[in-house]
Amino acid sequence: MAIFSLPLTERPAWKALRTHYDFIRTLSLRRLFADDPKRGERLAIDGAGFYLDYSKNLVTDETLKLLIKLAEESDLRSRIEAMFRGDKVNVTENRSVLHIALRAPRGMSILVDGENVVAQVQGVLDKMSIFSERVRVGEWKGYTGKRIRNIINIGIGGSDLGPVMAYEALKYYSDRSMTFRFVSNVDGTDFVEATRDLDPAETLFIGSSKTFTTLETMTNAASARQWLLNGLGGDPKAIAKHFVAVSTNRAKVSEFGIDPANMFEFWDWVGGRYSMDSAIGLSTMVAIGPDHFRALLEGFHVMDEHFRTAPFEENLPVLMGLFTIWYTDFFGAQTVAVLPYEQYLKRFPAYLQQLTMESNGKHVTLEGAKVTYDTGPIYWGEPGTNGQHSFYQLIHQGTRLIPCDFIAFAQTLNPIGRHHDILMANVFAQTEALAFGKTADEVRAEGTPEWLVPHRVFEGNRPSNTILAERLTPAALGGLVALYEHSVFTQGAIWNIDSFDQWGVELGKLLAQRIIPELERKDDPDLKHDSSTTALIHRYRKMKES
Ligand code: G6Q
C-alpha cells in the first residue's frame with residue numbers, strides 16, 4: 001500500500017514529527033541561533049521576487065527534513081500537478097481548480113473538457129482592456145452624455161474581498177481622478193453611504209457575481225438600478241450605460257436587464273476566493289489600467305511557476321504551508337497573525353481570512369471521514385505599526401503561541417522624511433523581540449526592582465516568518481497573493497481536505513430565506529423554530545413597529 005493512502009497520522013513522517021516535537025519543545029531560538037551563527041542566512045530563501053527568512057521558526061534541519069518528508073508521503077507533488085493539469089481536484093463539486101490559468105501567458109494551453117481555457121481567458125482579458133480604456137479615457141459615456149467618474153463594484157465574498165483589497169493595495173497606481181467604491185453588505189447602510197455623494201449620471205456599477213443569484217448582491221443591484229432610475233429620469237434604457245456585469249451566468253445577467261454584450265465572463269473552474277485575477281478584477285483594471293493589470297497577472301504566474309517547479313526545500317508556498325501544519329497540529333496553535341508593514345495592504349488580512357479559512361476550515365477528509373487532527377487555523381492581522389499598540393502585547397507575553405508572518409517592502413512608494421526606515425526598524429525589532437525576548441537577568445541588569453522583574457520578562461521563542469520584497473508593485477501583489485493561495489493548497493493537500501468547496505456557508509443562507517417572509521408578512525406568522533429563534537423573531541417584529 002502506498003504511504004499516501006495511509007491516514008495522515010499513520011504516515012511515518014507524521015509519527016516521527018510527533019516524537020521530534022518533544023525534542024523541539026526543549027530548545028529555544030536563543031540556543032539555536034547561538035549554536036549556528038549562520039542560521040539567519042542559512043534558513044532563508046529567495047524565490048519569485050520574495051525573500052523569505054524562516055530562521056526564526058521553531059525548527060531545526062531535522063524538522064525541515066521531516067516536514068518535507070511529510071509533504072512527499074502526502075503525494076504533494078502529484079496533487080500540484082493534478083491541479084495545474086486541470087483535474088477535478090474540487091472533488092465535492094466535481095470541478096477543476098484552475099485559477100493558475102487566469103494568469104497563464106497567452107499561447108499556453110490548458111485543457112478543460114477538451115477546450116483550451118487559456119485562449120478563453122485571454123479573450124476576456126482583451127475585452128476587459130478595451131472596456132477599461134474606454135472608461136478611463138472618458139469615451140464610455142453615461143446616459144446623459146457625461147463621462148464616468150465613479151465605479152461601484154457590487155459583490156460579496158470572493159466577488160468583493162479581492163477587488164477591495166487589490167484596489168487599496170494598488171491605489172498608488174490608480175487613476176486618482178476617479179472614485180472607486182465597493183458595496184457588499186446587505187445592510188442598506190453600505191449602499192447608501194457608498195452612493196450618497198455621487199452623481200448617478202457619472203456612476204457605473206459593476207455587478208460582480210459568479211452565480212448572479214446571491215441574495216446580498218441581487219438586493220444591492222436592485223437598489224442600484226432604482227437609484228439610477230431615480231437619478232436619471234426613470235428611463236430603463238439608462239441602465240445599459242451604467243451597469244455592466246461580471247458573471248458565469250449569462251441568462252441571469254440578461255434577466256436582470258444588463259446587455260450580455262456588457263458582461264465579462266469567467267468560469268466554474270474559478271473559485272470565488274480565487275477570482276480576483278479573473279474578470280472579477282474588472283474594477284481593479286479600470287483603476288490601474290490594463291498594463292498594470294497584466295503585470296499583476298505576471299506576478300501571480302511567476303509564483304505559480306515557482307510553486308510548480310521549485311524543490312520543496314526551496315519552495316516558498318510549500319515551506320510556509322508546512323510551517324502552518326507544524327504549529328497547528330504539533331504545537332496546537334490556533335491562529336496565524338499576518339502583519340503587513342505596508343499601509344496599502346491594510347485590507348490584505350481581511351482578504352486572507354476568506355482565502356485561508358473558507359478553504360481549509362473543513363472537518364472531513366476528501367473521502368468524507370472525520371479528520372483526527374486540526375485543520376485550518378484562524379488567520380487574522382492588522383497592518384504594522386498599528387497592531388504593536390494594540391494586540392502585540394498578547395503575542396509577546398500572552399499564554400498562546402501565535403506564529404506571525406511579517407510582510408515588508410524595502411522601498412516605500414511614498415518616501416517622506418524618516419518614515420520608511422522607522423517602519424522597517426519596527427519589523428526587524430518585533431521579530432527579534434518575539435524570537436529572543438528578554439531574560440530575568442537582563443531585566444534585573446537594567447536595575448528593575450525584583451517585584452517587577454516577572455512582568456518585564458519576555459520569554460521569547462515566538463516564531464515568525466519575514467517576507468521581504470523590493471517594492472509594492474502590481475507584480476509583487478500578484479506574487480504575494482499566489483504565495484498564500486499555494487500555501488493554502490499545500491496545507492489542504494496534506495490534510496487531505498477539499499480546499500475549494502464551502503458547504504459550511506449554505507445552512508445559514510437557507511435558513512435566512514425561510515425567515516425573511518416571517519419578518520416581512522403583515523399577519524402574525526406561525527413560527528416553527530426553536531424557542532430562542534421564535535422569541536427573537538417575535539421580539540423583532542414588535543420592536544420594529546414601535
Ligand atoms: C468564495 C465563495 C463565496 C462567493 C460569494 C459570492 O469562494 O464561493 O465567497 O464568492 O458567495 O458569490 P457570487 O459571486 O456567486 O455572488
Side-chain angles (χ1 to χ4, degrees), residues 17 20-36 39-44 51-64 67 319-341 349 352 356 374 376-408 423-443 446 453-468 484 487 491:
L17 280 162
H20 178 69
Y21 166 73
D22 292 332
F23 166 67
I24 287 288
R25 278 177 49 191
T26 65
L27 299 180
S28 72
L29 285 168
R30 274 189 184 236
R31 178 77 289 136
L32 290 169
F33 273 83
D35 290 351
D36 174 5
R39 180 180 167 100
E41 293 155 52
R42 233 168 34 78
L43 302 192
Y51 177 74
L52 170 67
D53 174 356
Y54 60 92
S55 63
K56 294 192 184 91
N57 279 292
L58 298 166
V59 297
T60 60
D61 290 349
E62 178 65 11
T63 325
L64 291 166
L67 286 171
L319 287 175
M320 283 182 58
L322 289 172
F323 295 144
T324 304
I325 288 183
W326 178 227
Y327 295 122
T328 304
D329 294 307
F330 296 89
F331 287 77
Q334 301 279 328
T335 81
V336 176
V338 180
L339 309 164
Y341 278 66
L352 270 193
T356 57
D374 274 330
I378 297 154
Y379 278 73
W380 60 287
E382 279 289 320
T385 56
N386 301 17
Q388 290 173 207
H389 296 263
S390 159
F391 53 78
Y392 277 40
Q393 165 65 35
L394 185 147
I395 307 182
H396 281 287
Q397 284 192 317
T399 55
R400 291 163 200 281
L401 180 86
I402 302 182
C404 300
D405 290 349
F406 287 82
I407 301 169
L423 177 73
M424 294 301 292
N426 275 280
V427 177
F428 305 137
Q430 288 299 324
T431 66
E432 195 173 25
L434 286 168
F436 306 111
K438 198 188 235 183
T439 63
D441 286 345
E442 286 166 348
V443 175
E446 290 170 347
V453 169
H455 297 276
R456 301 194 57 172
V457 164
F458 287 69
E459 287 173 340
N461 238 18
R462 266 78 168 155
S464 67
N465 288 310
T466 305
I467 301 162
L468 205 56
Y484 279 94
S487 162
Q491 296 162 33

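The first residue in the sequence is number 1, and the count goes up from there.
Within 6.0 Å of atom CD in E62, more than 12 heavy atoms from other residues, nucleotides or ligands are found, so the atom counts as buried in its surroundings. Taking a 6.0 Å sphere around CZ of R30, one finds it holds more than 12 heavy atoms contributed by other residues, nucleotides or ligands.
The line from OG of S55 to CZ of R42 is 9.5 Å long, rounded to the nearest 0.5 Å. For the atom pair CD (Q397) and CZ (R456), the distance works out to 10.0 Å, reported to the nearest 0.5 Å. Expressed to the nearest 0.5 Å, how far OG1 of T466 lies from CG of L52 amounts to 8.0 Å. To the nearest 0.5 Å, atoms CZ (R25) and CZ (F331) are separated by 9.0 Å. Taking CG from D36 and CZ from R31, the interatomic distance works out to 12.0 Å, rounded to the nearest 0.5 Å. Atom OG1 of residue T26 and atom OH of residue Y21 lie 10.5 Å apart, to the nearest 0.5 angstrom.
Ring pair Y54/F323 is tilted by interplanar angle, where 30° to 60° counts as tilted.
The minimum heavy-atom distance between A44 and G40, with the atom names listed, is CB-O, 3.9 Å. Residues C404 and I395 share a closest heavy-atom pair of SG-CG2, 3.8 Å. Of all the heavy atoms in T63 and L17, the pair that sits closest is O-CD2, 4.3 Å. In this structure, L423 and G384 approach most closely via the heavy-atom pair CD1-O, 4.1 Å. The minimum heavy-atom distance linking G381 with P349 is given by the pair O-CB, 3.4 Å. Here the closest non-hydrogen pair linking L29 and F436 is O-CE2, 3.8 Å.
Under the rule for a side-chain hydrogen bond (donor to acceptor under 3.5 Å, both in side chains), the partners of Y379 that lie at least two apart in sequence or sit in another chain are Q491. The salt bridge (Lys or Arg N to Asp or Glu O under 4.0 Å) test applied to D441 returns R444, not counting sequence neighbours.
Using a cut-off of 4.0 Å between Lys/Arg side-chain N and Asp/Glu carboxylate O, K438 and E459 are scored as not salt-bridged.
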| message | Under the criterion side-chain hydrogen bond (donor to acceptor under 3.5 Å, both in side chains), I'd like the reasoning laid out for Q388 against Y341: C-alpha separation, chi angles, the key distance, then a yes or no. | response | CA-CA 11 Å; Q388 290 173 207; Y341 278 66; 2.6 Å; yes

| said: Evaluate H396 against Q430 for side-chain hydrogen bond (donor to acceptor under 3.5 Å, both in side chains), listing each step before the verdict. | reply: CA-CA 9 Å; H396 281 287; Q430 288 299 324; 2.7 Å; yes

| query | What's the verdict on side-chain hydrogen bond (donor to acceptor under 3.5 Å, both in side chains) for N465 and D53, showing C-alpha distance, side-chain angles and the deciding distance? | reply | CA-CA 6 Å; N465 288 310; D53 174 356; over 6 Å; no

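T335 places none of its side-chain heavy atoms less than 4.5 Å from the side chain of P377. P383 has its side chain out of reach of L339: every pair of non-hydrogen atoms, C-beta onward, lies at least 4.5 Å apart. The shortest side-chain heavy-atom distance between V338 and F406 does not fall under the 4.5 Å cut-off. Using a 4.5 Å cut-off on side-chain heavy atoms (C-beta onward), I407 and V427 make no contact. Using a 4.5 Å cut-off on side-chain heavy atoms (C-beta onward), L468 and M424 make contact.
In this model, a donor atom of one side chain and an acceptor atom of the other lie less than 3.5 Å apart for T431 and K56.
Checked by atom type and distance alone, the side chain of N461 pairs as donor or acceptor with a backbone atom of L27 at under 3.5 Å. No side-chain donor-acceptor contact under 3.5 Å links D374 to the backbone of D329. Here the side chain of Y327 pairs no donor or acceptor atom with the backbone of L401 at under 3.5 angstrom. The backbone N or O of N386 sits nowhere less than 3.5 Å from a side-chain atom of S390 that would complete a donor-acceptor pair.
Judged by a 6.0 Å distance limit and a 45° cone about the ring axis, R39 is positioned over the six-membered ring of F33.
Only one option out of L352, V336, I402 pairs with W380 in a side-chain contact (heavy atoms from CB on, under 4.5 Å); it is I402.
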